[in-house]
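See structure below.
The model shown is predicted, which means the values in this text are computed figures rather than measured ones. In what follows, chains are A, B, ... by sequence order, proteins preceding strands, each numbered from 1.
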Protein chains: 2
Amino acid sequence: MVESKPKLPKPGRPVRGSTTGKPVMALIDLMGRRWILRILWELRGQPLTFRALQEACGRLSPSVLNGRLGELRAAALVDAGDDGYALTALGRELLTQFSSLTVWAEKWAKALR
Amino acid sequence: MVESKPKLPKPGRPVRGSTTGKPVMALIDLMGRRWILRILWELRGQPLTFRALQEACGRLSPSVLNGRLGELRAAALVDAGDDGYALTALGRELLTQFSSLTVWAEKWAKALR
DNA sequence: TTTCTTGCTACTAAAAACGTAGCAAAAGGA
DNA sequence: TCCTTTTGCTACGTTTTTAGTAGCAAGAAA
């Protein structure tokens with residue numbers, strides 16, 4: 001079997017299901033990948049080591065985590081520092097867009113019941 | 001071979017990588033699935049038929065689209081009406097959380113260049 | 001009736017995610 | 001220094017998810 005390199009979605013280039021190159025499409029592509037949002041979420045409070053991140057994501061396998069971290073670093077949303085992986089300023093900013101996600105999710109939960 | 005049923009993430013139940021049952025985790029699980037965010041996005045303006053949605057998502061295959069629609073309907077975010085699939089009130093509300101996504105994505109694009 | 005369109009299922013192939021094992025480098029003792 | 005941990009990560013075989021193509025049944029239009 002042949003290796004397939006995981007394409008990094010970047011604004012300005014066509015992504016899955018869209019040839020426009022619009023930044024929002026790159027963002028939607030990136031965020032639609034498994035674990036991306038979760039990783040950002042887990043880093044919201046403080047930096048975490050590779051292994052701590054793994055734990056936080058329910059023992060996520062290292063190969064997948066490493067892949068995602070590569071994508072997040074390429075996207076300049078996460079970055080590796082002395083105390084582990086941390087959100088960049090950009091990443092923190094993106095996460096604020098979702099700041100009320102918890103609140104909304106609670107409401108959603110009630111509506112579904 | 002055995003069928004594997006596509007688990008629908010619901011608040012109150014454990015999801016991938018989290019056993020807490022917290023609504024926000026169910027939401028993160030759901031949104032981390034490919035095409036979910038995109039479909040919501042494409043429906044932001046007006047209802048679309050199954051086939052129009054397929055086109056909008058770059059000829060997304062019907063099997064995948066149908067699966068995702070099932071999940072979105074189970075989550076009460078989308079619902080099938082006379083003129084096709086449309087966001088529910090809940091779905092519209094979730095999308096407003098992402099309303100400034102386009103703007104932020106533009107900024108992101110500039111930062112990456 | 002014939003011709004389209006629409007929503008969707010069946011089925012196979014390809015890609016992504018999982019899970020486990022484990023290694024090399026750095027850190028922390030003793 | 002030598003030994004023990006911890007850490008970040010790669011390899012690789014298995015399982016799950018996603019993709020892609022074909023096509024059918026039901027309804028609308030001609």
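- When distances run from any side-chain atom of A:P62 to the nucleotides C:dC8, C:dG19, D:dT10, the shortest one goes to D:dT10.
- The CG atom of B:L69 sits 11 Å away from the P atom of C:dT9 (whole-angstrom rounding).
- Side-chain N/O atoms of A:W35 include one lying less than 4.0 angstrom from OP1 or OP2 on C:dC18.
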Under 3.5 Å, which donor-acceptor pairs link side chains of residues 39-48 of chain A to any protein atom two or more places apart or in another chain?
{"residue": "A:E42", "atom": "OE2", "partner": "A:R38", "partner atom": "NE", "Å": "2.8"}
{"residue": "A:R44", "atom": "NH1", "partner": "A:W41", "partner atom": "O", "Å": "2.7"}

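- In this entry the distance linking CZ of B:R34 with C1' of D:dA19 reads 10 Å, nearest Å.
- Checking C:dA17, D:dA19, C:dT9 against the side-chain heavy atoms of B:V64 singles out D:dA19 as nearest.
- In this structure, A:R13 and A:L8 approach most closely via the heavy-atom pair NH2-O, 2.9 Å.
- Nucleotide D:dT18 holds its P atom 16 Å from the CZ atom of B:R38, rounded to whole Å.
- For the helix from C:dT1-D:dA30 to C:dG29-D:dC2, the end axes, each set by the C1' atoms of five terminal pairs, are bent relative to each other by 30° (nearest 10°).
- Nearest heavy-atom pair, B:R92 versus B:L87, reported as atom, atom and distance to 0.1 Å: NH2-O, 3.4 Å.
- In this structure, B:D82 atom CG and D:dG27 atom P are separated by 14 Å, rounded to whole Å.
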Enumerate the protein-to-nucleotides 4-8 of chain D contacts in which both atoms are nitrogen or oxygen and the separation is below 3.5 Å.
{"residue": "D:dG8", "atom": "OP1", "partner": "A:F50", "partner atom": "N", "Å": "3.3"}
{"residue": "D:dG8", "atom": "OP2", "partner": "A:F50", "partner atom": "N", "Å": "2.9"}
{"residue": "D:dG8", "atom": "OP2", "partner": "A:R51", "partner atom": "N", "Å": "3.1"}
{"residue": "D:dG8", "atom": "N7", "partner": "A:R51", "partner atom": "NH1", "Å": "2.3"}
{"residue": "D:dG8", "atom": "O6", "partner": "A:R51", "partner atom": "NH1", "Å": "2.9"}

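- At whole-Å resolution of the value, CD in B:Q54 and P in C:dC8 are 11 Å apart.
- Following rounding to the nearest Å, A:E71 (CD) and D:dC9 (C1') show an atom-to-atom distance of 16 Å.
- Counting to the nearest Å, the C1' atom of C:dC18 and the CG atom of A:L65 are 13 Å from each other.
- To the nearest angstrom, P of D:dT18 lies 7 Å from CZ of B:R33.
- Listed pair A:R68 / C:dA16 fails the phosphate criterion, with no side-chain N or O lying under 4.0 Å from OP1 or OP2.
- Backbone-only contact: A:L60 has heavy atoms under 4.0 Å from sugar-phosphate atoms and none from a base.
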